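Taking it in order: structure first as structure tokens, then the write-up.
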Number of protein chains: 2
Amino acid sequence: MGLSLPQPSCSNCRISDLCLPYGLHINEVEQLALIIKNKRPLRIDELLYSRDTECLNLYAVKSGSFRGFITNTEGVEQTIGFYLPGELMGLDALLHGRFSCSVVALETSSVCELPLARLNELCVELPSLQYQMMRILSKEITSDHDQMLLLGRSSAKERMLMFLLMLSKRYGALGFSTTEFNLSMRRQDIANFLGLSNETISRQLTELSKAGVIAVKQRGIRIIDLNLLKSIVEPCYAHPISCPA
Amino acid sequence: MGLSLPQPSCSNCRISDLCLPYGLHINEVEQLALIIKNKRPLRIDELLYSRDTECLNLYAVKSGSFRGFITNTEGVEQTIGFYLPGELMGLDALLHGRFSCSVVALETSSVCELPLARLNELCVELPSLQYQMMRILSKEITSDHDQMLLLGRSSAKERMLMFLLMLSKRYGALGFSTTEFNLSMRRQDIANFLGLSNETISRQLTELSKAGVIAVKQRGIRIIDLNLLKSIVEPCYAHPISCPA
DNA sequence: ACTTAATATTGATTCAGATCAATAACCTCA
DNA sequence: TGAGGTTATTGATCTGAATCAATATTAAGT
């Protein structure tokens, strides 16, 4: 007989405003919490779900972090994103009921399990939940578009900087430091996400260190001059007058 | 006094099963049709909407084709997709109520206008419409992920082939020929979409012509050997035994 | 603490595709 | 019908990042 995990409560959850409950009334949040199940934590490199399997649940990151990826017919892998606390995984499966990507834990991590059938029922009852689902789906589309711009038109340096800036923002939103954080992913994962080689990632980090923009100690990143970093990647922020847009 | 356009009817629409009405009952389709408005056709290069403007309507392509794109702070443009009949545009705006990309007509094209406020109301009343919206959003996410794989990990030749194969499939779904079609976009647009230069697009098309895979006559494309084309881009299809996946 | 494996850095070389440059083909409309 | 502009092709050269290769560093297990 396994240990039974406690029923989760979104109302107490520190990150509920960054997650599915955002915009819901307190009694609606409680209804949502009733359908959510806790899962035992996943260990590093453990698979949460894999491509082509039936999607019975969506998952929200509760703690830790995950990596989503797809592979082509030759087995070439592309990391399509990293998931931090509050973020929903599995949205790509709403089309056919099967996951179209795979997700692994980057560190010891836990998730909230959202049974899809019951979530759908609840969306019919609670319009605000429905809207929030659509907002979340829409957000994923927008950030995927940004990633396409990055993969299609940016240099290695720009990609590296945008990656650091993205993490900085997301950690900030979670209440952590925007200038000091530990990467939960390997260089190889960053490289794969950014469409570069891991050697190029190393070189870019080294260059940025030498330029005094960041300090790197293995997985630990400290952004020394966040404004400088922003000004390299988004020149308009540094010279607003020259950029009417 | 302008000409008043006729009230559209989804029930009669040739492509309704590829569009928002898919999965709805006939009376539900009629409810949907009531909120839809026709717009006058757009001319080539005419802007349907642009980034950062308020999104009051979603748009479905009725005829013709469109190009969606985003620009970074330096004005560098990335085409994020092409829209063919039946496809919904503006889904990226559900997050903040503002479009996060711009859309222009590639040829003389028409759209159905879907007032967002009324669409939202209708989603609350009609769960099947709600599900269909989510499926469409999910589909966009999946295809964006495929595009990331393409931009991150593919050679110029693979990109070109995948692009042709994608168009072939989409035209096929619309009931057109899968092997003979006219490109509605410029080489420059294809290049931008695929993260390549327009010279590279020209060269790839020339090479594929010389190899006898396709015939190119300006915007006109004829795929001479669709299976050969598929086998180059998806080697597993040609040699199923060697690829367990 | 020591061994082994995994991960990260750094250097040397190569190459795919960008860029630069020069036609060529096509469309538009006067 | 032809002049001017746009779009596409083709060639020559360059370059950023991949690849190949070697070493360094860290983590994990006994």
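Heavy atoms only: backbone and side chains are in, while hydrogens, waters and symmetry mates are out. On a predicted model such as this, the values are computed, not experimentally measured, just so you know. Every chain is numbered from 1, with letters handed out A, B, ... down the list of sequences.
- In terms of modelled atom types and a separation under 3.5 Å, the side chain of A:Gln204 and the main chain of A:Leu161 share no donor-acceptor contact.
- In this structure, the CG atom of A:Leu183 is 15 Å from the P atom of D:dT26, given to the nearest Å.
- A straight line from CG of A:Asp189 to P of C:dA6 spans 15 Å, rounded to a whole angstrom.
- At whole-Å resolution of the value, CG in B:Leu194 and C1' in C:dA16 are 16 Å apart.
- Atom CZ in A:Arg159 sits roughly 11 Å away from atom C1' in D:dG16 (whole-Å rounding).
- Donor-acceptor pairing under 3.5 Å is recorded for the side chains of A:Ser63 and A:Ser110.
- Taking CZ of B:Arg51 as the reference point, atom CZ of B:Phe69 lies at 10.5 Å (rounded to 0.5 Å).
- Panel note: side chain B:Glu140, backbone B:Leu137; no donor-acceptor pair is recorded below 3.5 Å.
- A rotation axis mapping the C1' atoms of four pairs onto the next four is fitted at both ends of the helix from C:dA1-D:dT30 to C:dA30-D:dT1 over five pairs, and the angle between these axes is 50° to 10 degrees.
- With rounding to whole Å, B:Leu196 atom CG is found 15 Å from D:dA17 atom C1'.
- Ring pair A:Phe99/A:Tyr49 is parallel by interplanar angle, where below 30° counts as parallel and above 60° as perpendicular.
- Atoms CG (B:Asn182) and C1' (C:dC26) sit 15 Å apart, rounded to a whole Å.
- Side chains of B:Thr108 and B:Arg43: no donor on one and acceptor on the other come within 3.5 Å.
- More than 12 heavy atoms of other residues, nucleotides or ligands sit less than 6.0 Å from atom NZ of B:Lys157.
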Sugar-phosphate or base contact per nucleotide [nucleotides 4-12 of chain D; S, B, -; heavy atom under 4.0 Å]: ---SSBBBB

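- For A:Gln204 and D:dA17, the CD to C1' distance is 9 Å, given to the nearest whole Å.
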Verdict with reasoning, A:Phe181 to A:Phe176, per ring pair (Phe, Tyr, Trp, His ring centres under 6.0 Å): CA-CA 8 Å; A:Phe181 45 83; A:Phe176 299 126; over 10 Å; no

